[in-house]
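This report concerns only the one structure given below.
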Amino acid sequence: MAHDTGTDAASRVPRRYPFSRVRLEPDPQYAELRRSEPVCPVQLPYGPPAWLVTDYDLTKVVLGDPRFSRAAAVGRDNPRESAVDLSQVAESIVSMDPPEHTRIRGLVGKAFTPRRVAELQPRATEIANGLLDDMIAAGPPADLVGSFSFALPAIIICELLGIPEGDRHAFRGWADATLSTTTVTPVQEQEAFLNLAGYLAGLFAERRERPGHDLLTGLVQARDHDDRLSESELLVLGMALLVAGYETTARQITNMTYTLLTHPAQLQLLIEEPALLPGAVEEMLRFNVFGSAINARIATADVELGHVLIRAGEPVLCARSSANRDEKVFTRADELDFRRNPNPHVAFGYGPHFCLGANLARMELQVALGTILSRLPAVRIAVPEDSLTWHDTTILRGLAALPITW
Ligand code: HEM
């Protein structure tokens with residue numbers, strides 16, 4: 001095959017990106033690109049042209065190779081979907097490279113341990129049951145998004161961070177407005193962001209005075225004992241845990257419930273063999289297209305990728321949901337198969353920036369779906385499927401509401 005060297009992303013006609021967003025399905029261009037042009041130029045609504053990687057192995061190369069940098073995205077114009085460029089927050093964990101990144105991950109790792117997540121599981125089940133008790137008492141139909149999907153991860157993140165019960169209502173209001181891609185104006189969003197940052201800064205100060213057993217205390221102590229997390233790093237980290245961990249999980253709860261209810265044979269299999277639940281969650285993470293490619297990596301040297309020469313300074317985006325449908329790695333990649341094993345999907349990323357909250361997300365998703373299925377064994381969508389409203393402009397895909405009956 002001819003080497004496609006000597007070109008750059010700007011000198012070829014780029015495809016417009018993101019591609020179409022229909023329900024949770026991949027745009028057909030992904031399959032075509034994996035076959036014909038696994039590294040191809042694209043143009044996003046903002047920023048310069050970029051290279052889009054759609055192949056599984058090449059995705060792992062970009063996400064794992066230190067020559068593709070996140071820190072180099074700070075202070076330059078980056079390919080992105082919205083006007084705001086979160087990559088500019090230099091102290092954010094996602095905008096760092098090793099060794100700074102390794103240092104922060106190590107500190108958070110001390111506070112955010114698998115044990116802490118495991119300890120939360122019985123409590124998460126209790127919260128899920130409580131929310132379903134209320135929903136069942138009010139009677140069908142109910143909107144899963146409003147009654148369950150957002151409330152569960154919101155309560156869990158509040159308990160994990162140690163937000164006092166009396167503050168949770170305000171906290172969630174600010175978090176929803178900060179993360180909202182629909183309902184508030186940019187001014188309201190900015191106001192909510194500042195309120196949230198101010199509130200978290202106050203809580204950090206309080207935990208320093210009166211340590212608790214929560215994640216915020218863990219982070220404060222990781223800083224105070226070794227003086228290794230700066231004040232602003234603490235704050236940005238607190239916000240990052242919230243931003244990265246709340247809406248993602250909330251939307252996935254609804255998306256996965258929808259997937260179950262629209263794949264009756266796999267749902268039946270899961271009801272007959274509840275032990276398949278962890279595998280079912282992994283398979284839905286792989287199968288459902290959740291977001292488009294974000295967080296461009298910037299090449300710090302000329303690198304040959306596939307048969308394309310990426311020049312130093314050029315941005316590269318990885319379409320993880322395309323990698324997850326790569327037929328070279330996943331047999332019958334377009335089939336949902338709860339028995340799939342192994343399932344090395346990259347829905348939580350790969351390499352140094354692999355999702356910090358993957359274990360928490362997995363636990364929450366298993367608890368959410370397991371509780372729904374055991375409490376509402378006859379659950380089904382309460383309206384014709386084509387009347388469901390999808391968020392088709394937001395970075396994370398999902399349903400605006402999921403009316404269910406049981
Ligand atoms: C189903 C839910 C979730 C999905 C699909 C998801 C997905 C991802 C992905 C793909 C990345 C890598 C981004 C990149 O390399 O550019 C990431 C990073 C991250 N996630 Fe998650 N995530 C989820 C839930 C969570 C939760 C519950 C938390 C924490 C409470 C969390 C915290 C983070 C953080 C802090 C990072 C940045 C890590 C770093 O840069 O080192 N995520 N997530």
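Just so it is clear, the values below take in all heavy atoms, side chains as well, and ignore hydrogens, waters and symmetry mates.
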Next on the checklist: Tell me whether Arg362 contacts the main-chain N or O of Gly357 through its side chain, where contact means a donor paired with an acceptor under 3.5 Å.
Outcome noted: no

Checklist entry - If we only count heavy atoms from C-beta on, is the Pro48 to Asp77 side-chain gap below 4.5 Å? => result yes

Checklist entry - Do Arg297 and Ser69 have side-chain N/O donor and acceptor atoms under 3.5 Å apart? => result no

Next on the checklist: Check for me whether the distance between the ring centres of Tyr258 and Trp390 falls short of 6.0 Å.
Outcome noted: yes

Checklist entry - Do Ile310 and Glu304 come within less than 4.5 Å of each other through their side chains, counting heavy atoms only? => result no

Checklist entry - So which heavy atom on Asn78 is nearest to which on Gln88, and how close? => result ND2-NE2, 3.3 Å

Checklist entry - Should the ring pair His353 and His101 be called parallel, tilted or perpendicular, given that the plane angle runs from 0 to 90° and is split at 30 and 60? => result tilted

Next on the checklist: Check whether Ser147 reaches the backbone of Leu144 with its side chain - one donor and one acceptor, N or O, closer than 3.5 Å.
Outcome noted: no

Next on the checklist: Quick one: does any side-chain atom of Arg76 pair with a main-chain N or O of Gly313 as donor and acceptor, under 3.5 Å?
Outcome noted: yes

Item to check | Which residues share a side chain to side chain donor-acceptor pair (under 3.5 Å) with Arg15, sequence neighbours left out | outcome: Gln29, Glu32

Next on the checklist: Taking the basic N atoms (NZ, or NE/NH1/NH2) and the acidic carboxylate oxygens, is any pair closer than 4.0 Å for Glu81 and Arg21?
Outcome noted: yes

Checklist entry - Do the side chain of Thr217 and the main chain of Gly212 share a donor and acceptor less than 3.5 angstrom apart? => result yes

Next on the checklist: Side chains of Ser149 and Arg251, heavy atoms from C-beta outward: is any pair under 4.5 Å?
Outcome noted: no

Checklist entry - Is the backbone N or O of Gln121 less than 3.5 Å from a side-chain atom of Thr125, with the two atoms forming a donor-acceptor pair by type? => result yes

Checklist entry - Relative to the ring of Phe19, is the ring of Tyr17 parallel (under 30°), tilted (30 to 60°) or perpendicular (over 60°)? => result perpendicular

Item to check | Short side-chain donor-acceptor distance under 3.5 Å, Thr249 and Glu364 | outcome: no

Checklist entry - Can Asn129 and Arg375 be said to form a side-chain hydrogen bond (donor to acceptor under 3.5 Å, both in side chains), step by step? => result CA-CA 8 Å; Asn129 272 310; Arg375 297 291 303 279; 2.9 Å; yes

Item to check | Worked verdict on Thr59 versus Asp55 for side chain to side chain contact (heavy atoms under 4.5 Å, CB included) | outcome: CA-CA 6 Å; Thr59 292; Asp55 169 279; 5.6 Å; no

Next on the checklist: How long is the straight-line distance from CG of Leu160 back to CG of Leu241, given to the nearest 0.5 Å?
Outcome noted: 7.5 Å

Item to check | Heavy-atom closest contact (Leu276 atom, Phe338 atom, distance) | outcome: CD2-O, 4.2 Å

Checklist entry - So, do Leu200 and Leu216 sit near enough that their side-chain heavy atoms are less than 4.5 Å apart? => result yes

Checklist outcome for this item: In short, Leu235 meets Ala201 closest at the heavy-atom pair CD1-N, 3.7 Å

Checklist outcome for this item: Tightest non-hydrogen contact, residues Ser322 and Thr54, listed as OG-O, 2.7 Å

Checklist entry - So do the side chains of Arg105 and Pro352 get within less than 4.5 Å of each other, counting heavy atoms only? => result no

Next on the checklist: Using a 3.5 Å distance criterion without hydrogens, assess whether the side chain of Arg397 forms a donor-acceptor pair with backbone atoms of Arg23.
Outcome noted: yes

Next on the checklist: Is it true that Asn255 and Asn288 share a donor-acceptor pair across their side chains at a distance under 3.5 Å?
Outcome noted: no

Next on the checklist: For the backbone of Val289 and the side chain of Ser321, can you confirm whether one donor and one acceptor N or O come within less than 3.5 Å of each other?
Outcome noted: no

Checklist entry - Counting only N and O atoms by type, is there a donor-acceptor contact under 3.5 Å from the side chain of Asp97 to the main-chain atoms of Arg70? => result yes

Next on the checklist: Could you check whether Arg339 pairs with Glu283 (Lys NZ or Arg NE/NH1/NH2 to Asp/Glu carboxylate O, under 4.0 Å)?
Outcome noted: no

Checklist outcome for this item: So CG of Leu242 and CZ of Arg172: to nearest 0.5 Å the spacing works out to 11.5 Å

Checklist entry - Is it true that a side-chain atom of Glu91 and a backbone atom of Ser95 form a donor plus acceptor pair closer than 3.5 Å? => result no

Checklist entry - If you measure from the Lys or Arg side-chain nitrogens to the Asp or Glu carboxylate oxygens, is any gap between Arg325 and Glu335 under 4.0 Å? => result no

Next on the checklist: Between Leu234 and Arg208, does the side chain to side chain contact (heavy atoms under 4.5 Å, CB included) criterion hold? Intermediate values first, please.
Outcome noted: CA-CA 12 Å; Leu234 264 179; Arg208 206 164 288 129; 3.6 Å; yes

Checklist entry - How long is the gap from CG on Asn295 to SG on Cys318, to the nearest 0.5 Å? => result 10.5 Å

Next on the checklist: Is it the case that atom CZ in Arg115 sees more than 12 heavy atoms from other parts of the structure closer than 6.0 Å?
Outcome noted: no

Item to check | Steps toward side chain to side chain contact (heavy atoms under 4.5 Å, CB included) verdict (Leu269, Glu273) | outcome: CA-CA 6 Å; Leu269 178 66; Glu273 283 184 55; 3.9 Å; yes

Item to check | From Asp143 atom CG to Thr254 atom OG1, the distance as rounded to the nearest 0.5 Å | outcome: 8.0 Å

Next on the checklist: Looking at Glu282 and Arg286, is any side-chain nitrogen of the basic one under 4.0 Å from a carboxylate oxygen of the acidic one?
Outcome noted: no

Item to check | Heavy-atom check, side chain of Phe150 versus side chain of Tyr246, under 4.5 Å | outcome: yes

Item to check | Phe290: which of Leu396, Leu24, Leu285 passes side chain to side chain contact (heavy atoms under 4.5 Å, CB included) | outcome: Leu396

Checklist outcome for this item: Here the gap from Ile372 atom CD1 to Ile404 atom CD1, rounded to the nearest 0.5 Å, amounts to 6.5 Å

Checklist entry - Any donor and acceptor pair, going by atom type alone, linking the side chain of Glu206 with main-chain N or O of Leu203 inside 3.5 Å? => result no

Item to check | Value rounded to 0.5 Å, distance of CZ in Phe287 from CG in Asp334 | outcome: 7.0 Å

Checklist entry - So, are Lys60 and Asp65 salt-bridged, with charged N and O less than 4.0 Å apart? => result no

Checklist entry - Side chains of Cys158 and Pro164: does their closest heavy-atom pair fall under 4.5 Å? => result no

Item to check | Side chains of Leu360 and Ile156 in contact at under 4.5 Å (non-hydrogen atoms) | outcome: yes

Checklist outcome for this item: Closest heavy-atom pair, Ser87 versus Ala73, reported as atoms and distance to 0.1 Å, is CB-CB, 4.2 Å

Item to check | Short N-O contact, Arg311 and Glu314, less than 4.0 angstrom | outcome: no

Checklist entry - Which pairs count as side chain to side chain donor-acceptor pair (under 3.5 Å) when at least one residue sits in residues 190-203, sequence neighbours excluded? => result Asp167-Tyr199

Checklist entry - Where is the tightest heavy-atom contact between Tyr56 and Asp326, given as atom of each residue plus distance? => result N-OD2, 2.9 Å

